[in-house]
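Count residues from 1 along the sequence. FYI, side chains are in, hydrogens and waters are out, and symmetry mates aren't considered; it's all heavy atoms of this structure.
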Amino acid sequence: MFSSTLCPSSATKVVIPDLVSHCTFELRSSKHQKRLSAESERWLFRSDNLDESTRRSFHGLKAGQLTAMCYPKAQYTQLRVVSDFLNWLFHLDNLSDDMGNRSITEVANVVMNSLHHPYTYHSNVRLGRMTRSFYRRILRTANPGTCQRFVETLELFFQAINEQATDRNNNFIPGLEAYIALRRDTSGCKPCWALVEYAYDLDIPDEVMNHPLICSLGEATNDLVTWSNDIFSYNVEQSKGQTHNMIDVIMNERGIDLQSAFNFVGDLCRQSIDRFIECRGQLPSWGPKIDRDVAIYIEGLADWIVGSLHWSFDNERYFGKRGHEVKKTRILKLLPPRRVSPWYTFLPLRRQMSSSHV
């Protein structure tokens, strides 16, 4: 583990790894994408205080497109819930980047109480109302194991972003091994895997979901989605002075330059795709019904791998309106440092809470 000793890079551009060509999974998308995007954004913006520029940034995020690509065969009712959750998660991720431990703990308490007591817990905090909104809809059809995995992995998410906040406050960059373990939870991917079960009405026994190969497939998917995101989001994050990124971890731990770090993380991403394919070919049989549900679940993970890769260039979160150009040339011009507005100015509450801002 290391203190943050990164020196400003003299590089003005970097070539990002070609991950799209390495992924041969079929890219699919739901026919409901347009309707889904519009209705889910309206849900997100309902009774908020977001200014017009922030609303435009969420529109450019295209969470509805990500949902349509990663859950392409789900029915619309389930798609809406997943898209609402992803919009909520991206919103929370934006906020948590600048939160301290106290604020994260307060938000976690509201969200987790809303999940554990969706019909009896009452809070006027908007994040809590949003949480109860999508989780009550999940409870209508999801089996108990799916719900348990969803809630437990969100608990891990809050624990991890709290640890990330501690590292940020201490100007601390962890070593690679510690970062990988932490990043698998700060990514927020694990609840999305539970939503694959929900979206396709799967009923996979806990002992099957806990099988080492099923766990390895989820981990390989998490690693690809997360580490590729570190590549794609690095430019925006470095301009804000953020260092919770594998690129920074590698440069700090190994003393290598920026391009070498990009290449290193790109190799790890390709290995995670290869690991997914290898594990999928080793799955045992649990009988016709379970095998069918497992096949749908694994296909859902593959949709996340290929869908997230293509969505990263289609949305405006990482490359602005130059995503397709960057996808073609793979040349990324580095942004200069910029001032970031306080996180609480973007928190859409019924009222701003002077003591906590949650």
Side-chain angles (χ1 to χ4, degrees), residues 26-48 58-59 61-92 111 114-121 126-154 157 188-205 209 218 221 225 289-290 292-304 306-308 311 314-315 348:
E26 178 186 2
L27 177 64
R28 307 182 293 174
S29 185
S30 171
K31 63 183 180 181
H32 301 296
Q33 177 184 322
K34 185 176 180 180
R35 175 190 172 193
L36 175 70
S37 299
E39 294 188 355
S40 189
E41 284 186 13
R42 281 198 293 270
W43 174 85
L44 178 68
F45 297 152
R46 185 184 306 156
S47 302
D48 62 44
F58 272 105
H59 184 71
L61 171 66
K62 300 184 180 179
Q65 178 183 339
L66 179 64
T67 305
M69 287 179 166
C70 295
Y71 304 82
K73 297 301 180 182
Q75 297 299 311
Y76 184 76
T77 299
Q78 285 75 19
L79 272 177
R80 253 302 305 275
V81 175
V82 176
S83 186
D84 289 354
F85 170 75
L86 287 177
N87 267 311
W88 174 92
L89 185 63
F90 279 118
H91 181 54
L92 184 57
V111 171
S114 298
L115 293 172
H116 287 296
H117 312 287
Y119 298 104
T120 58
Y121 176 71
R126 188 167 179 270
L127 279 173
R129 296 201 305 273
M130 295 169 72
T131 303
R132 294 191 295 277
S133 170
F134 65 69
Y135 191 55
R136 286 175 181 176
R137 285 176 281 159
I138 290 174
L139 286 171
R140 293 172 188 168
T141 58
N143 69 61
T146 298
C147 293
Q148 181 177 353
R149 281 183 282 277
F150 180 77
V151 172
E152 287 180 349
T153 52
L154 269 176
F157 167 76
C189 283
K190 292 178 181 179
C192 297
W193 303 173
L195 290 181
V196 173
E197 300 177 64
Y198 160 74
Y200 295 113
D201 196 24
L202 305 180
D203 187 13
I204 304 175
M209 291 302 299
T221 307
V225 173
K289 170 62 171 65
I290 295 177
R292 171 195 166 275
D293 281 4
V294 167
I296 294 173
Y297 176 74
I298 302 307
E299 191 66 24
L301 296 181
D303 286 328
W304 255 101
V306 64
S308 66
W311 166 83
D314 289 342
N315 77 78

Enquirer: Less than 4.0 Å between a side-chain N and a carboxylate O, is that true for R137 and D84?
Expert: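 R137 and D84: salt-bridged.
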Enquirer: How long is the span from the OH atom in Y121 to the NE2 atom in H116, to the nearest 0.5 Å?
Expert: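 So the OH of Y121 and the NE2 of H116 are separated by 12.0 Å.
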Enquirer: With respect to L202, which candidate in I290, I296, N143 satisfies the side-chain contact (heavy atoms from CB on, under 4.5 Å) definition?
Expert: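 By the side-chain contact (heavy atoms from CB on, under 4.5 Å) criterion, L202 pairs with just one of I290, I296, N143: I296.
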Enquirer: Taking C-beta and beyond as the side chain, do Y71 and L195 meet within less than 4.5 Å on heavy atoms?
Expert: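 Answer yes - side chains close enough.
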Enquirer: Going by the angle between their ring planes, with limits at 30° and 60°, are F150 and F134 parallel, tilted or perpendicular?
Expert: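 Rings of F150 and F134: perpendicular, over 60°.
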Enquirer: Are W43 and S133 close enough, and set up right, to give a side-chain hydrogen bond (donor to acceptor under 3.5 Å, both in side chains), and what steps lead you there?
Expert: CA-CA 10 Å; W43 174 85; S133 170; 3.1 Å; yes
Enquirer: Let me confirm one number: the OG1-CD distance from T146 to E197, rounded to the nearest 0.5 Å.
Expert: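 The OG1 atom of T146 sits 3.5 Å away from the CD atom of E197.
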Enquirer: How many angstroms lie between CD in Q75 and NE2 in H32, if you round to the nearest 0.5 Å?
Expert: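 These two atoms lie 6.0 Å from each other.
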Enquirer: Pick out which of S30, S37, S29 makes a side-chain hydrogen bond (donor to acceptor under 3.5 Å, both in side chains) with Q33.
Expert: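 Exactly one pass, corresponding to S29.
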Enquirer: If you measure from OG1 on T141 to OH on Y198, what distance do you get to the nearest 0.5 Å?
Expert: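 The distance works out to 4.5 Å.
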Enquirer: Decide side-chain hydrogen bond (donor to acceptor under 3.5 Å, both in side chains) for S40 and S83; before the verdict, give the C-alpha distance in whole Å, the side-chain angles of both, and the deciding distance to 0.1 Å.
Expert: CA-CA 6 Å; S40 189; S83 186; 3.1 Å; yes
Enquirer: In Å, rounded to the nearest 0.5 Å, how long is the span from CG of L44 to CG of N87?
Expert: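 Rounded to the nearest 0.5 Å, the CG-CG separation comes out at 5.0 Å.
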Enquirer: Does the ring centre of W88 sit less than 6.0 Å away from the ring centre of F157?
Expert: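 Ring-ring flag for F157/W88: false, centres at least 6.0 Å apart.
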Enquirer: Start with the C-alpha gap between L154 and F85, add the side-chain angles, then the distance that decides, and say whether side chain to side chain contact (heavy atoms under 4.5 Å, CB included) holds.
Expert: CA-CA 12 Å; L154 269 176; F85 170 75; 4.2 Å; yes
Enquirer: To the nearest 0.5 Å, what is the distance between CZ on R35 and CG on L79?
Expert: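 Going from the CZ atom of R35 to the CG atom of L79 covers 10.0 Å.
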Enquirer: State which residues pass salt bridge (Lys or Arg N to Asp or Glu O under 4.0 Å) with R136; sequence neighbours excluded, sorted by chain then number.
Expert: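 By the salt bridge (Lys or Arg N to Asp or Glu O under 4.0 Å) rule, R136 matches no residue at all.
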